[in-house]
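Working notes, beginning with the structure itself.
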Number of protein chains: 4
Amino acid sequence: MSRTGPRRSESIRVAVLNAADDLLVEQGFAATTIEGIATRAGVAKQTIYRWWKSKVEILLDALEEDALEGLAWAEPAGTPAEDLTAHLHRVADFFQEPAGRVLQALLGNAQLDKDAAAALREGFLLKQRARDLAGLAAIIERHTGSTPDEDHLGHLADLLLGPIYYRVLVFGAPPAKDLLEPAAHLTLNLATPTDN
Amino acid sequence: MSRTGPRRSESIRVAVLNAADDLLVEQGFAATTIEGIATRAGVAKQTIYRWWKSKVEILLDALEEDALEGLAWAEPAGTPAEDLTAHLHRVADFFQEPAGRVLQALLGNAQLDKDAAAALREGFLLKQRARDLAGLAAIIERHTGSTPDEDHLGHLADLLLGPIYYRVLVFGAPPAKDLLEPAAHLTLNLATPTDN
Amino acid sequence: MSRTGPRRSESIRVAVLNAADDLLVEQGFAATTIEGIATRAGVAKQTIYRWWKSKVEILLDALEEDALEGLAWAEPAGTPAEDLTAHLHRVADFFQEPAGRVLQALLGNAQLDKDAAAALREGFLLKQRARDLAGLAAIIERHTGSTPDEDHLGHLADLLLGPIYYRVLVFGAPPAKDLLEPAAHLTLNLATPTDN
Amino acid sequence: MSRTGPRRSESIRVAVLNAADDLLVEQGFAATTIEGIATRAGVAKQTIYRWWKSKVEILLDALEEDALEGLAWAEPAGTPAEDLTAHLHRVADFFQEPAGRVLQALLGNAQLDKDAAAALREGFLLKQRARDLAGLAAIIERHTGSTPDEDHLGHLADLLLGPIYYRVLVFGAPPAKDLLEPAAHLTLNLATPTDN
DNA sequence: GTCTAATCGAGACGGTACGTCGAGTCTTGAG
DNA sequence: CTCAAGACTCGACGTACCGTCTCGATTAGAC
């Protein structure tokens, strides 16, 4: 005997996520207010508060829908080095897209608010980390024939992705593209057991 | 004929910077309001607005006093590899200190506010970048006897520092310490012209 | 061919009226919300709106059941003066009872809302006025042997009841009891044609 | 050494009181919201909350300024009976004026809210009661040469004013004018020591 | 010693957004 | 068709800070 009464409106959910996304890109994080989202989505404020605790939760919801593909590891299409380089380009490009702006804003906000940081970590970053480790492991395996252990894999991921996030978050733009290919090669070299 | 009347009070300046620092560490960035700083410093709001444009400027002021030494490159004390590893440890530790928290908050806020980002870049990050490049160049020179060109040096700095900032800003804590020594050696290897 | 489906549930009607009554006495008029009544009566809001237009209508419904006896003119039991005095005591006491509180609240609300005022007038006050005039006329007739004309009777009712309502509505409590007996005698005196 | 800084703006105070008055008369009590008053007065909501706790306090403030003259007892101008009758006319007319509407609304609200009732009593009704007793005593003294005792005077005031308030608050309009002169004469008769 | 001009505290003010409450309407599925 | 449950829009609530402003009181050169 399931419960009675009206159900949550999916169209409202989508309208809110889109409104939040749009506002963030157009006006920035500070100007993305709950009232603004409500107005733009044509929805009552109370309806937003019924389903989300804060604008950060809304953006996190929006991110989950959009970022999965933007940061996904593609199927093999060339040599491991080529595929890895291509992925780094994809990550660098991602931060220019709307979904990337959302992630950037949420990362920024996470520095300012411990709860938001925890929510972002749980809701997105750790999952993405797992996907990154899996994607990187697959490429390394294609390259060397074996999978590095967890710790080593994590270090490689940090060396590989760290510079991109660093340039984006600290200097406001992805790194020069000519950094990416050497970084990919370097990582694959480090992944060969003898170099460990 | 110079002007008359009282001059800017240094004690007020210090009280405001300390109040801002303390509030940030104790309550977080969002709770660090101009009104709160004014109250805690025992100062009128107007007095703050007379000398600073926003709380970001206050924190930037506070950062400039504290971060210089926290992120400074030390004098040679061992082999280049040892010195470089030691510096990476220093950077990682810096983000645990109050001054590091301020930088982290300002970096976070910079993701959310373009003006704040520009101010942080101009007021701190670019200068620190220059110091980092100089410090790294000096160590490489000791190691290889020659200085890499500007672009290459920048890439090396990104590879070296990126992972630390990445772990701090994305995962909320500095990387495992055992990542740092390999990263230092790696960077020095990459700096030798033949490996490029 | 009469209509199908269940009819209005009497148990719900009673539950709602009681819930409204209770809430009014316990929490006051403002805190007596439709939502509160619905919750307390274990009934859906919509069900209330199906049968009543507003909380005022609910309270009016509740009043009609209780106030009739509370403000009723009793059968002759003594001299006209005694009976009139007794009635005044009954009216004064009525405002201390729950039903009196409801009337007081509805009178209060009527000052603030023209529609509510009209509803109260139509639904209760004019009927009560008629009962009061009839009761008073009966007593006067017993006393003087004749019935005063409509206008005169109305004035007498105003002089008689006015002070009680005045004390209750303006000063929050019924008048001192020793006002009531002189008022009763006075009214009867004024009712004798020669004193008019 | 009095305090420094800007003082409360008198023009704002007046603008708020007028806006509240106007809204009450034009739209009624329920539609007289703090936000509406603020908008109409061209004032920030916070400014209202700084000086008044609720709209009731605002209206009370407004009342104090306007009701004093509207309900004042005039100087002797004729016989005591004439003056008393004139005063009753003044009271009955008062409830048709804006200030009278305010009093009526506040009386209505007082039935619904104990705190509001207490505030109204303290802030206005008890003072007005004192003025009424004094005014009535003066007229009686002119008529009979002596002043009745406190209790008796109170009863006379209740008999005199009760019917007017009763008709206004219960039936929504002042009593027929021909009630007033008999009521005045009656009261003076009752005030003569032998009739007591 | 004035004089004079800026600094400083205190805080009033117009705003914007917050997060909450209840109103009244509408939708769903059970009985 | 009625009902409980509750999603929905709407308007107002009272609060927090924002950034601007005004008001004396204080202070430190210039004369």
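A note on names: the letters A, B, ... follow the listed sequences, proteins ahead of strands, and every chain is numbered from 1. The structure presented is a predicted model; accordingly, all values stated were derived computationally and were not measured.
- The NZ-C1' distance, from Lys55(D) to dG14(F), rounds to 14 Å in whole Å.
- For the residue pair Ile58(D) and Ala20(D), the shortest heavy atom distance occurs at CG2-CB, 3.6 Å.
- Summarising the geometry, the separation between CH2 on Trp52(B) and P on dC18(F) is reported as 15 Å, rounded to the nearest angstrom.
- Within a heavy-atom distance below 4.0 Å of DNA chain E, the residues of residues 8-18 of chain D found are Arg8(D), Ser9(D), Ile12(D).
- Projected onto DNA chain F by closest heavy-atom contact, Glu35(D) and Gly5(B) fall at different nucleotides, the more 5' of which corresponds to Glu35(D).
- Separating the CD1 atom of Ile58(D) from the P atom of dG14(F) is a distance of 10 Å, rounded to the nearest angstrom.
- The listed nucleotides are dT15(F), dG19(F), dA12(E); the one nearest the side chain of Tyr49(B) is dG19(F).
- Of all non-hydrogen atoms in Ala38(A) and Ala44(A), the two that sit nearest each other are CB-C, 4.3 Å.
- Residues of residues 38-46 of chain A that place a heavy atom closer than 4.0 Å to DNA chain F, in numerical order, are Gly42(A), Val43(A), Ala44(A), Gln46(A).
- Not counting sequence neighbours, the partners of Glu122(B) by the side-chain contact (heavy atoms from CB on, under 4.5 Å) test are Leu126(B).
- Backbone-only contact: Trp51(D) has heavy atoms under 4.0 Å from sugar-phosphate atoms and none from a base.
- Between Thr32(B) and Thr32(D), it is Thr32(D) whose nearest contact on DNA chain F lies nearer the 5' terminus.
- The two atoms that bring Ala116(A) and Val56(A) nearest to each other are CB-CG1, 4.2 Å, heavy atoms only.
- Put simply, CD1 on Ile48(D) is 14 Å from C1' on dA12(E), counting in whole angstrom units.
- Shortest non-hydrogen contact noted between Val170(D) and Leu125(C) is O-CD1, 3.2 Å.
- When the side-chain nitrogen and oxygen atoms of Arg3(A) are compared with OP1 and OP2 of dG29(E), none of them lie within a distance under 4.0 Å.
- When the side-chain nitrogen and oxygen atoms of Thr47(B) are compared with OP1 and OP2 of dG9(E), one or more of them lie within a distance under 4.0 Å.
- The side chain to side chain donor-acceptor pair (under 3.5 Å) test with Gln111(B) singles out one residue from Gln111(A), Gln104(A), Arg101(A), and that residue is Gln104(A).
- For Thr33(B), the listed nucleotide lying nearest its side chain is dC18(F); candidates were dC18(F), dA28(F), dG14(E).
- Across its full length, the helix from dG1(E)-dC31(F) to dG31(E)-dC1(F) shows an angle of 10° between the axes of its 5 terminal pairs at either end, rounded to 10 degrees.
- The side chain of Thr4(A) approaches dA4(F) more closely than any other nucleotide in the set dC13(F), dA4(F), dC8(E).
- The list of salt bridge (Lys or Arg N to Asp or Glu O under 4.0 Å) pairs with a residue in residues 21-30 of chain B, not counting sequence neighbours, reads Asp22(B)-Arg40(B), Glu26(B)-Arg40(B).
- Side-chain contact between Leu107(D) and Phe124(D): absent, with no pair of heavy atoms (C-beta onward) separated by less than 4.5 Å.
- Minimum interatomic distance between Leu120(B) and Ala110(B) (heavy atoms only, all atoms of both residues): CD2-CB, 4.0 Å.
- Distance CD1 (Ile34(B)) to P (dG19(F)): 6 Å, rounded to an integer number of Å.
- Scanning for side-chain contact (heavy atoms from CB on, under 4.5 Å) contacts around Glu64(C) gives Leu60(C), with sequence neighbours left out.
- Here Arg7(D) reaches the OP1 or OP2 of dG24(F): one of its side-chain N or O atoms lies under 4.0 Å away.
- Taking CZ from Arg13(B) and OG1 from Thr47(B), the interatomic distance works out to 15.0 Å, rounded to the nearest 0.5 Å.
- Atom NZ in Lys53(C) sits roughly 17 Å away from atom P in dA23(E) (whole-Å rounding).
- In terms of heavy atoms, Leu63(C) sits closest to Ala99(C) at CD1-O, 3.5 Å.
- Here dG15(E) presents its P atom at 13 Å from CZ of Arg50(D), a figure rounded to the nearest Å.
- Per the geometry, CD1 belonging to Ile37(D) stands 18 Å off P belonging to dG11(F), to the nearest Å.
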